[in-house]
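Let me begin by presenting the structure, written as structure tokens, before commenting on it.
Hydrogens, waters and symmetry mates are skipped; everything else that's a heavy atom, side chains included, is used.
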Amino acid sequence: MSTARSAKTLLFLEDDRDLQALVCAFLRDKGYQVTPARTAAEAREVLQSRPVDAAIVDGLLPGMTGADFIRELRKTKPDLPVLFASAFWKDLKSHELLTRQLGVARVVHKPYRPEELAVWLEQLFAVAQPPPPPQEALEEDAPEPVDDFAASLALLSADYGAKLPERLATLQALLGKGRHGDAAALEEAYSVVHKLHGTAGSYGFRDVSITAGALEDVLRPVKTGGTLDWARVDAGFRALEDRVSLPVLAPEPEPEEAVVAAMGTLLVVDEDAAMLADARRMGEREGVRVVTAATPQEACAAVERQWVDGALLHMGEAGLATARALRAMEGHQSLPLAFSSTGGGLQERVDAAHAGASLFLPRPFTQQDFATAAERLVATRRLERAKVMVVDDDPEAVRALSQALVSDAVEVVGLENAYGLLDALAQHRPDLLLLDVQMPGPSGFDLCRILRLTPEWQDLPILLITAQVGLEFRLAAFQAGADDYLAKPVLREELRARVHARLERARLSRERTERDALTGLMLRRPFVEAVATRLSEARRSDKPLALCFLDVDHFKKVNDQHGHLAGDRVLMRLGRLLGARFRREDLRARWGGEEFVVALLGETPESAKEILSRTAEELSAMTFEGDGGETFHVTFSAGLAVAPGDGTTLDELLRVADARLYRAKENGRDRIEAE
């Protein structure tokens, strides 16, 4: 037990008893004093009767939301640190509401593991913690302490799994009552499913959590007074029943980073068992870890359990459904995809491109085909990892810091020569820089000042590493432009907490400056910069580049007749539709107002028009709700220009595309003009 944390007291406000038992047991084992509460009233009693150092608040409470409870809490305890846990609240606007207006220190997404919660608590209290004994430092390479909680977790998980059939029987009975008009039973059924979604994953039953989440979406009209689609409810319950009936007695162990193959991990989804076996053998030869699945549900469960660098799917309805399901998962909207097919005709390739594929392989594919696909998909996915550069003249220090930081989410580049820093930055373009203060030649202070005078690197987060922590050093560090500092010997957990906190802040800053908050798409300036790069690539590789201007038809009428909030919903859903379609290398942006722009590398006028027509069909099939509850539909018009035939610069392509968009509107709207 950690004596350093023994004085830290926590309020844990969560109405799910199972999740309470799991998390409280874990945190108490880590040295925290945890007081649980299941309702806002119980939490108020706790806060009135004893002091607490922080609160963990669930997003959905009996009778009120977690956000409303925090608003109330801020009236009496404006500075109390709060962690907010929820299966919702995942978009940027919600994050800003929680962190800026409500002062939430961290948003934790359900389902979460207790270990994840402990990391954020470590980060929350990092500044106040006294340094652990020196033997825990990186330089000592001390063995990790044995976690006695592992055995308790296994018992708790087994007990939770044993009770799942009973919970399912309760849910079935409640749904039966609800089908015959019992509104209270439906409310309780929704609560049961919500808890399964948020808690089953924490106990290791990820498949159950995913399937419960899908059923929760189907039951959501219960909370808004809408009508249930009972056919979908029945299908969702059967899927959940299938997951619960699987012979899973204990959660699967988390994959260790050390086991991940050097070339990465590839998900192969195919209904043909022989093809899956061939893919596994090919992966062994190429040093690629292959994870296999036969259905969209198995594919989503596999991605939920572990990091994958890309997915290779069999072309067909099942493959397209798998692509949509994977891209709909939180955090996997840009998962690199490839399709394989025996045909490979134009229509299949258009379908694959519209589903977001970056690669199309013949079927059956050869060892060389597999190697090429794996290399490309892994390289694409790794670009999404945050990149940290470590600069230190001591190779052992670089190695130790790299080992402490490298993970599925963080890539580390080491540099032992400070004189090569600017060239290394231009080559690797890191998201964060770790600088040792004392090095031969320019010091960390000098390098920091140089970067702060360089416009390209003025916003790069910089952490200094030093053996000095006195007042003079701290003043010098911040005056040189450093964002933070770490004292030697550097402690693993403190290093990770500080680096991850800075990376998250940098990511949110980029989101605010480069992404439109409503649609999630790029803003005009970063889009223009990115298209310039794509045009250069198109010229080098002698490929076409299609640029499409699209505009929501009669958008002013939507605002006037259905309300401005309804108009915002149209723009938001169109933005999400554009963001979920196409390939990762394609560019989508909100140009302004109801105008959007898309750039597709390697597409001809014919294929680009076909791909965009699919998107237009999806939008026109969507049903929107006005501010008064009425329903309506929308369409868009578009103009398409393709380089080099219609121009070789962005300005030329934009002029041609804009003129064709105007012609599409003159010709009746709801159409795409490509010539």
Side-chain angles (χ1 to χ4, degrees), residues 12-24 36-45 56-70 72 84-90 109-112 156-157 159-246:
F12 184 32
L13 177 51
E14 163 66 60
D15 70 323
D16 189 327
R17 292 184 186 275
D18 294 306
L19 188 58
Q20 266 197 356
L22 177 69
V23 173
C24 288
R38 296 188 62 225
T39 65
E42 291 179 11
R44 294 184 196 107
E45 290 179 7
I56 304 165
V57 179
D58 185 52
L60 191 59
L61 303 170
M64 72 187 307
T65 67
D68 288 337
F69 175 79
I70 296 172
E72 175 188 309
F84 184 88
S86 176
F88 313 109
W89 298 85
K90 294 184 178 181
H109 295 146
K110 284 186 169 183
Y112 58 78
L156 288 167
S157 296
D159 182 61
Y160 185 86
K163 292 178 180 176
L164 281 174
E166 180 185 337
R167 288 181 171 87
L168 200 65
T170 301
L171 175 61
Q172 187 174 28
L174 291 169
L175 290 175
K177 293 178 182 177
R179 191 188 294 270
H180 292 93
D182 189 334
L186 281 181
E187 285 275 357
E188 194 173 345
Y190 180 87
S191 177
V192 170
V193 174
H194 174 73
K195 290 175 182 177
L196 281 173
H197 179 206
T199 305
S202 298
Y203 278 92
F205 296 92
R206 295 173 183 270
D207 292 358
V208 174
S209 175
I210 295 167
T211 313
L215 180 55
E216 183 180 4
D217 290 337
V218 176
L219 291 174
R220 188 153 290 122
V222 169
K223 306 298 289 184
T224 58
T227 304
L228 286 181
D229 182 340
W230 281 101
R232 292 182 63 202
V233 172
D234 292 340
F237 179 81
R238 287 195 298 272
L240 184 59
E241 193 175 33
D242 290 341
R243 289 296 162 193
V244 171
S245 64
L246 291 176

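- For R44 and E72, the salt-bridge test passes: some basic side-chain N is under 4.0 Å from an acidic carboxylate O.
- Heavy atoms of other residues, nucleotides or ligands lying less than 6.0 angstrom from CZ of R179 number more than 12.
- The distance from atom CD of Q172 to atom CG of D234, rounded to the nearest 0.5 Å, is 10.0 Å.
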(Q) Walk me through whether L60 and D15 qualify under side-chain contact (heavy atoms from CB on, under 4.5 Å). (A) CA-CA 8 Å; L60 191 59; D15 70 323; over 6 Å; no
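- In plain terms, the two heavy atoms of L13 and A43 that are nearest each other are CD2-CB, 3.9 Å.
- The CG atom of D182 lies 8.5 Å from the CG atom of L174; values are rounded to the nearest 0.5 Å.
- Side-chain contact between F237 and L168 is present, with at least one heavy-atom pair separated by less than 4.5 Å.
- Contact annotation: the side chain of V208 approaches that of L240 to within less than 4.5 Å [non-hydrogen atoms, C-beta and beyond].
- Taking CG from L228 and CZ from R220, the interatomic distance works out to 12.0 Å, rounded to the nearest 0.5 Å.
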Q: Could you walk me through whether V193 and V218 pass the side-chain contact (heavy atoms from CB on, under 4.5 Å) test, one step at a time?
A: CA-CA 10 Å; V193 174; V218 176; over 6 Å; no
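- If you take SG on C24 and CG on L19, they are separated by 8.5 Å, rounding to the nearest 0.5 Å.
- The CZ atom of R38 lies 11.0 Å from the CG atom of L61; values are rounded to the nearest 0.5 Å.
- The two residues A40 and F69 come nearest to each other via the heavy atoms CB-CD1, 3.8 Å.
- Side-chain contact check for L175 versus L219: some heavy-atom pair is nearer than 4.5 Å.
- Side-chain atoms of L196 and R167, non-hydrogen and from C-beta on, do get closer than 4.5 Å to each other.
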